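Here is the structure we will look at.
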Amino acid sequence: MLALIDANNMYVSCERVFAPRLVGRPVVVLSSNDGACIARSNEAKELGVKMAQPWFQVRHLERTAGLIAVSANFELYSDMSARMMAVAGRYAPRQQVYSIDECFLDFEGVRGELVAIGRQIRAAVLGEVGLPTSIGFGATKTLAKLANHVGKTADRKPGSYPTTLAQVCNFANLDARELADVFAATDVGVIWGIGRKISEKLRAADVRSVLDFVRADAATIRGQFSVVLEKTLMELRGTSCLEMSDIDDVPIAKQQILVSRSFGKAITDPAAIIEAVSEFASRAAEKLRHQQSTAGAVGVFFMTSPFRPNDRPHSVNVTTPLVRPTADSRLLVQAAVNAAEVEFRHGFNYAKAGVILSDIRPASHHQGELDLFANDERAKTHAKDRSALMEVVDVLNCRFGRDSVRIGSSTLASHSAEVRSWATRQERRSPRYTTRWVEMPVVKA
DNA sequence: TCTGGGGTCCTAGGACCC
DNA sequence: TCTGGGGTCCTAGGACCC
């Protein structure tokens, strides 16, 4: 039996732990640039604020309905996430952290009543970390996800499901009839793996509820959609198709590393694009070294805004293969900047840019005898110097703070983050209470 | 005025091989 | 006029997730 545990409105709940004035009020957390709502409290959902809705569209609710908006504070959220995962992990032999706010637990071999255990987990995470959670139990990952959704919804919208399913929902405790009722009352679009496009297509074929979907013909689903959706169907019928990947302690290395931002305002100046791309490449290189990998290709993109119909659209997306995979910031930045210089066009209002590292492999992996340069002693020494230098840079930045040492070209046009024309706005960010000494909350006697 | 920033997996189709 | 058949590998793009 598997469980999915996730934090309710994670980002909002993290903010509330340290700012009790937010409790019971409609609250949203804003994306970078304070552009869109990426988390909503239940009260904000009730005001009609949609996921990813632009802030300017709901801003009037600040005055009319007491809506409170805060800028995203990812440093705080990821630390709170780690604490939550540590607590949840105590209760089952295997845990897979799936995202910042949810993990799967595998209860195989565990004795005891699962709903009762689920309630203990909720109480522990709430008591020790301060985050409210929901828990779903099912025979497969997709069922556990669905049970979690039912548990959360039963709690939030009385009458939607039997109250016994609220907060902690175990499908195994339902008989066939009760399960069919739950499935019939649940929209097909909430199933894990069914997004907007597929649910539209399913509805057009008169498959509207989870029950409709579960009763659909598997071969037809595969033919008209994909093997992926067929797996989803089998999972809902109780046949496991998605394995637990339970590499508990060692995070799986990313196959692609992306750093991108929307600009605070439109960019027309090549120097600004180059500065941004240089900065993104630097940041990506840090992530790359952190997971002890090298990249064999550097991608750069920048584009105009699709939301400004009066702007001429333009979009650049180029990938530069590297002769030899590297994790050296200077080489990665150089490749990214070169591509940006070549592809930049005057006369466009660029709104967003990014750098993607791909063809990622372990840093320990050497090309071996086929790489002629590798046999060149000077080249070997050079490579060693390089990685030693990067190590020093990383250590210094870890000790003295981000950007204590950085690549020269990322400061071409200006000297501080505050004056960089492309820098994102974050006017409402809370203190990083748990990860910065100077921002630690102070208790007054 | 103002519209997120990460990721994953699968598939179709082209390049290329014999 | 008629122009193979079977395979692999790679990439771009589309779907999804949070």
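FYI, side chains are in, hydrogens and waters are out, and symmetry mates aren't considered; it's all heavy atoms of this structure. Numbers restart at 1 for each chain; the letters A, B, ... are given by sequence-line order, proteins then strands. These numbers come from a predicted model, not from an experiment.
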Which part of the nucleic acid does Ile38(A) contact within heavy-atom distance under 4.0 Å: base, sugar-phosphate only, or nothing?
base
Just checking Arg283(A): base, sugar-phosphate only, or nothing, at a heavy-atom cut-off of under 4.0 Å?
nothing
Sugar-phosphate only, base, or nothing, as touched by Leu242(A) at under 4.0 Å among non-hydrogen atoms:
nothing
Using a 4.0 Å heavy-atom cut-off across all strands, classify Lys145(A) as base, sugar-phosphate, or nothing.
sugar-phosphate
Leu76(A) vs Tyr433(A) side-chain heavy atoms within contact, under 4.5 Å
yes
Assign each of Leu258(A) and Gly35(A) to its nearest nucleotide of DNA chain B by heavy atoms, then name whichever residue's nucleotide is nearer the 5' end.
Gly35(A)
Relative to each other, are the rings of Phe344(A) and His346(A) parallel, tilted or perpendicular (30° and 60° limits)?
perpendicular
Please give the nucleotide sitting opposite dG14(C) as a Watson-Crick or G-U wobble pair, both distances under 3.5 Å, or none.
dC9(B)
Aromatic rings Phe263(A) and Phe280(A): how do their planes relate, parallel, tilted or perpendicular, breaks at 30° and 60°?
parallel
Just to be sure I understand the rule, does Asp34(A) reach a base, reach only the sugar-phosphate, or reach nothing, if contact means heavy atoms closer than 4.0 Å?
nothing
Just checking Ile100(A): base, sugar-phosphate only, or nothing, at a heavy-atom cut-off of under 4.0 Å?
nothing
Contact class for Ile257(A) (heavy atom, under 4.0 Å): base, sugar-phosphate, or nothing?
sugar-phosphate
Please work out if Arg59(A) contacts a base, only the sugar-phosphate, or nothing of the nucleic acid, heavy-atom cut-off 4.0 Å.
nothing
Within-4.5 Å side-chain heavy-atom neighbours: Phe171(A) and Phe183(A)
yes
When Ala253(A) and Ala351(A) are each assigned the nearest nucleotide of DNA chain B, the 5'-most assignment goes to Ala351(A)
Given the C1' atoms of dC16(B) and dG4(C), what is the spacing between them in whole Å?
16 Å
Under a plain distance cut-off of 3.5 Å, with no hydrogens placed, do Thr434(A) and Asp79(A) share a side-chain donor-acceptor pair?
yes
Contact class for Phe74(A) (heavy atom, under 4.0 Å): base, sugar-phosphate, or nothing?
nothing
Using a heavy-atom cut-off of under 4.0 Å over every strand shown, decide if Gln53(A) touches base, sugar-phosphate, or nothing.
nothing
With side chains defined as the heavy atoms from C-beta onward, is the minimum distance between Ser81(A) and Met10(A) less than 4.5 Å?
yes
Could you check whether Lys287(A) gets within reach of a base, just the sugar-phosphate, or nothing at all, counting any heavy atom under 4.0 Å?
sugar-phosphate
Taking any atom closer than 4.0 angstrom to a non-hydrogen atom of chain A, what span of DNA chain C does the protein reach, first nucleotide to last?
dA15(C) to dC18(C)
Check: Arg203(A) and Asp187(A) side chains under 4.5 Å, non-hydrogen atoms
yes
